[in-house]
Amino acid sequence: MVDSSKDVNGNFPGDKKIIVVFVLGGPGSGKGTQCTRIVENFGFTHLSAGDLLRAEIKSGSENGTMISNMIKEGKIVPSEVTINLLQKAMLESGNDKFLIDGFPRNEENRAAFENVTKIEPEFVLFFDCPEEEMEQRLLSRNQGRDDDNIQTIRKRFRVFVESSLPVVEYYDMKGKVQKVDALKPIDEVFESVKAIFAPLNRAASDDNKLHYIQGILFVRAAEARFECSRISLIRWMISF
Ligand SMILES: Nc1ncnc2c1ncn2[C@@H]1O[C@H](COP(=O)(O)OP(=O)(O)OP(=O)(O)O)[C@@H](O)[C@H]1O
Ligand SMILES: O=c1ccn([C@@H]2O[C@H](COP(=O)(O)O)[C@@H](O)[C@H]2O)c(=O)[nH]1
């Protein structure tokens with residue numbers, strides 16, 4: 001169901017802070033695996049751009065054949081298609097915290113997303129893993145994906161180095177990249193990930209406390225104003 005607090009153009013209202021974390025890393029670096037754990041522990045909604053594109057193919061959409069051909073070749077689907085799917089999924093989720101996994105894939109994806117949504121990522125979670133390890137993981141993933149074959153895997157690696165790494169470098173220049181050693185076992189990788197997300201929870205809890213204190217002060221001020229008016233009224237009545 002679409003959240004009615006969003007406007008008809010699908011924009012998030014200006015006063016609502018939307019938190020977006022881009023999750024990037026080579027194919028098979030473990031992005032999806034770690035996102036599942038982040039969702040369980042930190043209340044984010046996980047949006048895998050690849051999963052959304054695969055669902056679009058299955059839905060029988062008019063873009064299905066084009067998307068399917070791009071995926072088989074390891075190529076990047078046009079920005080407007082992916083951004084549309086992401087925006088729709090964000091609005092439908094009702095959440096305000098998102099892990100956007102496997103996007104932006106190139107500079108054009110990045111600029112288009114920021115232009116359309118006006119959202120800058122909180123940070124980029126970057127899973128750093130050697131190609132040999134990623135290749136082994138993808139070849140034994142066994143999820144029946146059309147692109148988990150050695151020919152397409154090699155193409156995906158090339159696209160990652162040529163088009164996606166520059167996006168990571170762009171955000172690194174802005175001091176927004178949190179790099180994780182993804183070669184370690186799953187549990188150890190998640191220990192590093194937890195350390196990155198924990199401060200976000202603390203900031204949210206501090207924010208809640210601040211709002212609570214502001215609420216109490218507001219009530220006390222209202223009570224004081226009421227008391228002053230009551231005294232003025234009694235004085236006025238006595239003066240007769
Ligand atoms: N730290 C790890 N050590 C060993 N295997 C892992 C690790 N993390 C994930 N895997 C396994 O590697 C495979 C790829 O992981 P995952 O699907 O999470 O990667 P991904 O980065 O999301 O891949 P893609 O970009 O292709 O969608 C899976 O079979 C997963 O179980
Ligand atoms: O933003 C995106 C994300 C994905 N693609 C295409 O999908 C495949 C698979 O992506 P995964 O992240 O591994 O699930 C990818 O190789 C691209 O062909 C895309 O075009 N844009």
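Sequential numbering from 1 along the given sequence is applied to the chain's residues. Each ligand, and each atom within it, is numbered from 1 in the order the structure gives.
If you number the atoms of ligand 1 from 1 as listed, the ones under 4.0 Å from a heavy atom of Thr33 come out as 9 (C), 15 (O), 16 (P), 18 (O), 30 (C). Short contacts between ligand 2 and Thr82, defined as distances under 4.0 Å to a heavy atom of the residue, involve ligand atoms 1 (O). If you number the atoms of ligand 1 from 1 as listed, the ones under 4.0 Å from a heavy atom of Pro185 come out as 1 (N). When each atom of ligand 2 is checked for a heavy atom of Val77 under 4.0 Å away, the hits are 19 (C), 20 (O). Under a 4.0 Å criterion applied to the non-hydrogen atoms of Gly102, ligand 2 contributes the atoms 1 (O), 2 (C), 3 (C). Within ligand 2, the atoms closer than 4.0 Å to a non-hydrogen atom of Ala49 are 1 (O), 2 (C), 3 (C), numbered from 1 in the order shown.
For ligand 2, the polar-atom distance check finds no N/O of Gly74 at less than 3.5 Å from any of the ligand's N/O atoms. Checked against a 3.5 angstrom limit, the closest N/O atoms of Gly30 and ligand 1 fall inside it. Taking distance alone, with nitrogen or oxygen atoms compared against 3.5 Å, Lys184 approaches ligand 1 more closely than that limit. Of the polar atoms of Ser48, none of the N or O atoms is found under 3.5 Å from an N or O of ligand 2, judged by distance alone. Residue Leu138 places no N or O, backbone or side chain, under 3.5 Å from any N or O of ligand 1. At least one N/O-N/O distance between Gly32 and ligand 1 falls below 3.5 Å. Considering both main-chain and side-chain atoms, Asp51 never comes within under 3.5 Å of ligand 2 through any nitrogen or oxygen pair.
Of the protein's non-hydrogen atoms, Ile186 CG1, 3.4 Å is the one closest to atom 7 (C) of ligand 1. Distance from atom 20 (P) of ligand 1 to its nearest protein heavy atom, with residue and atom name: Lys31 N, 3.6 Å. Closest to atom 14 (O) of ligand 2, if we only count protein heavy atoms, is Arg54 NH2, 2.9 Å. Summary of contacts: the protein heavy atom closest to atom 7 (O) of ligand 2 is Ile71 CG1, 3.6 Å. For atom 17 (C) of ligand 2, the nearest protein heavy atom (residue, atom name, distance) is Lys75 O, 3.2 Å. Looking only at heavy atoms of the protein, atom 21 (N) of ligand 2 is closest to Leu53 CD1, 3.7 Å.
Annotation: side chain of Leu138 is in contact with side chain of Arg156 (closest heavy-atom distance under 4.5 Å). For the pair Phe126 and Leu165, the minimum side-chain heavy-atom distance is below 4.5 Å. A heavy-atom distance below 4.5 Å is found between the side chains of Leu52 and Leu86. Phe22 is not listed as a side-chain neighbour of Val167, based on a closest heavy-atom distance of 4.5 Å or more. A 4.5 Å side-chain heavy-atom check between Ser79 and Phe113 finds every atom pair outside the cut-off. The closest side-chain heavy-atom distance from Met66 to Pro78 is below 4.5 Å.
There is a path of hydrophobic side-chain contacts, each under 4.5 Å, that joins Ile18 to Ile83.
Taking the six-membered ring wherever Trp is involved, the centroid distance between the rings of Phe123 and Tyr171 does not fall below 6.0 Å. Taking the six-membered ring for Trp and the full ring otherwise, Phe197 and Phe44 have centroids separated by under 6.0 Å.
Ligand 1 has at least one atom lying under 4.0 Å from a heavy atom of Ser29. Heavy atoms of Gly28 come nearer than 4.0 angstrom to ligand 1 in at least one pair. For the ligand labelled ligand 2, residue Glu73 lies outside the 4.0 Å heavy-atom shell. Under a 4.0 angstrom heavy-atom cut-off, Lys31 registers as lying outside contact with ligand 2.
For Arg156, every heavy-atom contact with ligand 1 shorter than 4.0 Å involves the side chain, none the backbone. The side chain of Arg145, and not its backbone, has at least one atom closer than 4.0 Å to an atom of ligand 1 (non-hydrogen atoms only; side chain from C-beta on). With a 4.0 Å heavy-atom cut-off, ligand 1 is reached by no atom of Ser140. When heavy-atom distances to ligand 1 are checked against a 4.0 Å cut-off, Asp101 has no atom that comes that close, whether in backbone or side chain. At a heavy-atom cutoff of 4.0 Å, ligand 2 is contacted by no atom of Val159, backbone or side chain.
Around NZ of Lys176, the count of heavy atoms belonging to other residues, nucleotides or ligands within 6.0 Å exceeds 12. Within a 6.0 Å radius of NZ in Lys88, no more than 12 heavy atoms belonging to other residues, nucleotides or ligands are found.
We find the OG-CD1 distance between Ser61 and Ile67 to be 5.5 Å, quoted to the nearest 0.5 Å. With values rounded to the nearest 0.5 angstrom, Glu133 atom CD is found 13.5 Å from Lys184 atom NZ. Atoms OH and NZ, on Tyr170 and Lys174 in that order, are 3.5 Å from each other to the nearest 0.5 Å.
Panel note: side chain Lys97, backbone Val21; no donor-acceptor pair is recorded below 3.5 Å. For the pair Ser68 (side chain) and Thr65 (backbone), a donor-acceptor distance under 3.5 Å is absent.
Of all the listed residues (Gln136, Gln143, Arg137), Arg137 holds the heavy atom that lies closest to atom 6 (C) of ligand 1. Heavy-atom proximity to atom 14 (C) of ligand 1, evaluated over Glu188, Arg141, Met134, is greatest for Arg141. Within the set Arg105, Arg145, Arg156, Met70, the minimum heavy-atom distance to atom 15 (C) of ligand 2 is found for Arg105.
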message: For Glu135 and Arg154: C-alpha separation, side-chain torsions, deciding distance, then whether salt bridge (Lys or Arg N to Asp or Glu O under 4.0 Å) applies.
response: CA-CA 8 Å; Glu135 188 177 299; Arg154 298 249 157 94; 3.4 Å; yes

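With no hydrogens or angles considered, a side-chain donor-acceptor pair links Thr45 and Asn95 at under 3.5 Å.
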